[in-house]
Amino acid sequence: MRAKVLPAEIAEDFKTSPEHVRVSIAAAMTLGLKPGNFFRNATCDCVNLLENYPAGCYANCTYCGLARERPGLAQDNTFIRVGWPVFPTDLVAEAVGSQEDRVGRVCVAMVQDKRAYPDLLDITRRIRRKSDVPISALVTATLLDEEKLLRIRDAGADIVGIGLDAASEEVFFRTRGRGARGPHSWSQHWEIARAARRIFGPMRVNCHVMVGLGETDRNLVDLFYRLKSEEISAYLFSFNPEPGTAMADVPRAPITRWRRVQLTKYLIEQRDLPREAVEFDEAGMLKHVRAPRALIDACVEEGVAFMTNGCPDRNGKMACNRPFGSYRPGEEFRDYPFVPTEEDQPIIRQQLGVKDLGG
Ligand code: SF4
Ligand code: SF4
């Protein structure tokens with residue numbers, strides 16, 4: 001009798017963590033698990049992995065392709081808009097081990113599921129057994145406590161990422177918390193961020209922060225100063241609506257707003273921009289950034305302010321550049337996965353609207 005062939009998408013249901021993981025397309029290409037080249041020859045030095053369960057994620061964040069209430073099969077769903085193919089964890093660990101010189105970092109991302117924490121430890125240990133590549137744990141704070149953070153460190157992670165995503169408590173409640181019929185709480189995320197900061201050290205913990213979930217620029221700027229003072233990194237993400245999610249019809253932040261937020265964040269973090277140099281309008285949106293014009297010009301020429309924010313490799317160079325994570329190849333860049341070139345500078349200058357920015 002011929003064996004019944006399962007449709008690929010149903011078969012994927014059975015390929016659950018910790019035996020299997022989802023791998024970002026960029027990482028699968030980097031490891032040679034999928035064919036392809038990056039637009040403009042971008043490279044990707046971070047292998048981003050995501051736990052895989054049939055339901056996707058039991059949380060319900062309004063912008064996320066893995067959310068519980070998003071219609072459709074979990075395996076049709078996407079996470080940050082691109083498909084994440086499933087591979088055996090041990091195959092990925094072998095590939096990382098055999099290409100250690102090309103891989104700057106591995107990131108293991110949790111979802112909301114009762115298996116997610118033990119499986120994070122298991123996946124992290126499997127990678128660690130095959131290589132010394134630094135590992136980030138992108139955690140679901142809701143499932144953790146201090147003891148579990150210690151175990152994540154002992155399993156081999158040296159950085160913890162926290163998907164705070166929302167820049168204010170009100171936006172958090174509406175997009176991730178009870179206002180979205182989700183399990184997450186703002187105060188618990190901060191408790192875990194601070195506990196992780198104590199355990200992993202200064203700038204070894206980061207909060208992912210999204211621009212475009214309904215927050216004001218004042219919310220973002222307040223958060224940048226708060227995280228800086230606590231020596232926690234802020235990593236920016238540009239909201240990009242996922243089809244089928246509750247926020248599918250919400251437009252992205254205009255490019256000028258996005259560029260100005262990137263620049264202001266960089267000036268706060270790297271150039272000690274004083275708080276009183278940032279002026280807001282009545283709606284809480286950026287009006288002026290009182291920084292010398294020469295400094296703004298220098299930032300555009302240097303380009304780093306407009307690049308992806310991400311965890312570093314073992315030499316401190318940014319590894320997690322998530323090429324085309326929040327825009328499609330050929331669309332205007334949101335965060336550049338490489339240092340913007342001379343040809344990119346006039347575009348950035350124009351998007352920033354340097355003339356009206358302040359100075
Ligand atoms: S917890 Fe993370 S994976 Fe789950 S729905 Fe929210 S953003 Fe998506
Ligand atoms: S910046 Fe990248 S490597 Fe770091 S926690 Fe976030 S997704 Fe993972």
Asks: Show your reasoning for whether side chain to side chain contact (heavy atoms under 4.5 Å, CB included) applies to Ile152 and Leu144.
Replies: CA-CA 10 Å; Ile152 291 170; Leu144 298 186; 4.0 Å; yes
Asks: Quick one: are Val86 and Val21 in side-chain contact, heavy atoms under 4.5 Å?
Replies: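 No, every pair of side-chain atoms sits at 4.5 Å or beyond.
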Asks: State which residues pass side-chain hydrogen bond (donor to acceptor under 3.5 Å, both in side chains) with Asp90; sequence neighbours excluded, sorted by chain then number.
Replies: Arg126
Asks: Applying side-chain hydrogen bond (donor to acceptor under 3.5 Å, both in side chains), can you list everything that pairs with Gln270, at least two apart in sequence or on another chain?
Replies: none
Asks: Could you work out, with ring-ring contact (aromatic ring centres under 6.0 Å, His included) as the rule, every residue matching His189, not counting sequence neighbours?
Replies: Phe172, His184
Asks: Once side-chain contact (heavy atoms from CB on, under 4.5 Å) is applied, do any residues pair with Arg197, and if so which ones, sequence neighbours excluded?
Replies: Pro202, Val205, Glu231, Ile232
Asks: Do Pro183 and Gln112 make a side-chain contact, defined as non-hydrogen atoms from C-beta onward lying under 4.5 Å apart?
Replies: yes
Asks: Hey, could you give me the CD/NZ distance between Gln262 and Lys265, rounded to the nearest 0.5 Å?
Replies: 9.0 Å
Asks: How far does OH of Tyr63 sit from OG1 of Thr245, to the nearest 0.5 angstrom?
Replies: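 Nearest 0.5 Å value for the OH-OG1 distance: 10.5 Å.
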Asks: Checking His208 now: which residues fulfil ring-ring contact (aromatic ring centres under 6.0 Å, His included) with it, not counting sequence neighbours?
Replies: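 Applying ring-ring contact (aromatic ring centres under 6.0 Å, His included) to His208 gives Phe237.
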Asks: Quick one: do Cys44 and Asn321 satisfy side chain to side chain contact (heavy atoms under 4.5 Å, CB included)? Show the steps, please.
Replies: CA-CA 6 Å; Cys44 167; Asn321 62 351; 4.0 Å; yes
Asks: So, are Arg314 and Glu100 salt-bridged, with charged N and O less than 4.0 Å apart?
Replies: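 Salt bridge present between Arg314 and Glu100.
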Asks: Test of understanding: with side-chain hydrogen bond (donor to acceptor under 3.5 Å, both in side chains), list the residues that count as partners of Arg125, not counting sequence neighbours.
Replies: none
Asks: Side chain to side chain contact (heavy atoms under 4.5 Å, CB included) between Leu267 and Asp272: does it pass, once the steps are laid out?
Replies: CA-CA 6 Å; Leu267 291 172; Asp272 291 322; over 6 Å; no
Asks: Is a donor from one side chain sitting under 3.5 angstrom from an acceptor on the other, for Arg22 and Asn52?
Replies: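 Yes, side-chain donor-acceptor contact under 3.5 Å.
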Asks: What pairs meet the ring-ring contact (aromatic ring centres under 6.0 Å, His included) rule with one or both residues in residues 243-284, with sequence neighbours excluded?
Replies: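 Qualifying pairs: none.
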Asks: For the residue pair Leu121 and Pro118, establish whether any side-chain heavy-atom pair is separated by less than 4.5 Å.
Replies: no
Asks: List in chain and number order the residues that pass side-chain contact (heavy atoms from CB on, under 4.5 Å) with Arg178, two or more places apart in sequence or in another chain; answer none if no residue qualifies.
Replies: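 Arg178 satisfies side-chain contact (heavy atoms from CB on, under 4.5 Å) with Phe173 once adjacent residues are dropped.
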Asks: Can you tell me how far CD1 of Ile159 sits from CZ of Arg204, rounded to the nearest 0.5 angstrom?
Replies: 4.0 Å
Asks: Got a donor-acceptor contact below 3.5 angstrom from the Arg322 side chain to the Pro337 backbone?
Replies: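 Side chain of Arg322 to backbone of Pro337: no pair is present.
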Asks: Please identify each residue that fulfils side-chain contact (heavy atoms from CB on, under 4.5 Å) with Glu147, with sequence neighbours left out.
Replies: Asp145, Leu150, Arg151
Asks: Does Arg349 pair with Asp297 as a salt bridge, N-O distance under 4.0 Å?
Replies: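 Here Arg349 pairs with Asp297 in a salt bridge, since their nearest N and O are under 4.0 Å apart.
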Asks: Passes side chain to side chain contact (heavy atoms under 4.5 Å, CB included), Arg105 versus Ser136? Steps please.
Replies: CA-CA 7 Å; Arg105 177 165 288 275; Ser136 294; 2.9 Å; yes
Asks: Could you list the donor-acceptor pairs under 3.5 angstrom formed between side-chain atoms of residues 248-257 and any protein atom two or more places apart in sequence or on another chain?
Replies:
unit_1: Arg252; atom_1: NH1; unit_2: Ser326; atom_2: O; d: 3.2
unit_1: Thr256; atom_1: OG1; unit_2: Gln351; atom_2: O; d: 2.8
unit_1: Arg257; atom_1: NE; unit_2: Asp217; atom_2: OD1; d: 2.7
unit_1: Arg257; atom_1: NH1; unit_2: Glu215; atom_2: OE2; d: 3.4
unit_1: Arg257; atom_1: NH2; unit_2: Glu215; atom_2: O; d: 3.2
unit_1: Arg257; atom_1: NH2; unit_2: Glu215; atom_2: OE2; d: 3.0
unit_1: Arg257; atom_1: NH2; unit_2: Asp217; atom_2: OD1; d: 3.0

Asks: Any sub-3.5 Å donor-acceptor pair from Arg259's side-chain atoms to Arg334's backbone N or O?
Replies: yes
Asks: Quick one: does Arg115's side chain have a donor or acceptor within less than 3.5 Å of a partner on Tyr53's backbone?
Replies: no
Asks: Contact between Val108 and Ile123 at the side-chain level, heavy atoms closer than 4.5 Å - yes or no?
Replies: yes
Asks: What distance separates Thr264 OG1 from Leu273 CG, expressed to the nearest 0.5 Å?
Replies: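 The CG atom of Leu273 is 7.5 Å from OG1 of Thr264, to the nearest 0.5 Å.
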Asks: Going from CZ on Arg102 to CG on Leu31, what distance comes out if it is rounded to the nearest 0.5 angstrom?
Replies: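 Separation between the atoms: 7.5 Å.
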Asks: Is the side chain of Lys228 donor-acceptor paired with the backbone N or O of Ile268 at a distance under 3.5 Å, no angle test?
Replies: yes
Asks: I'd like to check the side-chain hydrogen bond (donor to acceptor under 3.5 Å, both in side chains) partners of Thr216; sequence neighbours left out, ordered by chain and number.
Replies: Asn219
Asks: Output yes when a side-chain donor or acceptor of Thr89 lies under 3.5 Å from a complementary backbone atom of Pro18, and no otherwise.
Replies: yes
Asks: In the structure I gave you, are the side-chain heavy atoms of Leu50 and Leu66 within less than 4.5 Å of one another anywhere?
Replies: yes
Asks: Under the 3.5 angstrom rule, does the side chain of Ser229 hit a backbone N or O of Arg226 as a donor-acceptor pair?
Replies: yes
Asks: Compare all side-chain heavy atoms of Val209 with those of Asp165 and state whether any distance is below 4.5 angstrom.
Replies: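 Not touching, per the 4.5 Å side-chain cut-off.
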Asks: So how far is it from Glu94 CD to Gln99 CD, rounded to the nearest 0.5 Å?
Replies: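 Reported value, rounded in 0.5 Å steps: 11.5 Å.
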Asks: Could you list all the ring-ring contact (aromatic ring centres under 6.0 Å, His included) pairs where at least one residue sits in residues 107-159, not counting sequence neighbours?
Replies: none
